[in-house]
Amino acid sequence: MGVYTVYADVLLALNFFLDFFLFWATGRFLRREMRMRRLLAASFLGAVYGTAMLVPGLAWLCLPLGIGAADPF
């Protein structure tokens, strides 16, 4: 196999924009009123959580997703 390099800032930004788009699109589809501050906060928290799952000392964050491995790598 090879060695992969994961840049945390790129992963954080990508997760943020994808989370933001998904929350925004879901709100538009359901015709719900959305506050920008709430969308940004939810997107930020999702991006931080997604990025933190790759930190070796925080492998327990994968457990709620059903991965259940002590070391996800």
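Bear in mind that the values here come from a model prediction, so they are computed numbers and not experimental data. Only this structure's heavy atoms are used, side chains among them; waters, hydrogens and symmetry mates stay out.
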### Query
CG/L39 to CG/D19 distance, rounded to the nearest 0.5 angstrom?
11.0 Å

### Task
Check which hydrophobic residues are tied to L18 through side-chain heavy-atom contacts below 4.5 Å, counting indirect links as well, and list them.
L14

### Task
Examine L11 and V48 and state if one hydrophobic cluster contains both, with Ile, Leu, Val, Met, Phe, Trp and Tyr joined whenever side-chain heavy atoms are less than 4.5 Å apart.
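No: no chain of side-chain contacts under 4.5 Å links L11 to V48.
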
### Query
When hydrophobic residues are tied together by side-chain contacts of less than 4.5 Å, even through go-betweens, does M34 share a cluster with M36?
yes

### Message
Between Y49 and L45, is there a side-chain heavy-atom distance shorter than 4.5 Å?
### Response
no

### Task
Would you mind reporting whether F16 and L40 have side-chain heavy atoms less than 4.5 Å apart?
yes

#### Entry: F20, CZ atom: more than 12 neighbouring heavy atoms under 6.0 Å
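Atom CZ in F20 is packed in, count exceeds 12.
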
### Query
Which class fits the ring pair W24 and F21: parallel under 30°, tilted 30 to 60°, perpendicular over 60°?
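If you compare the ring of W24 with that of F21, the planes turn out tilted.
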
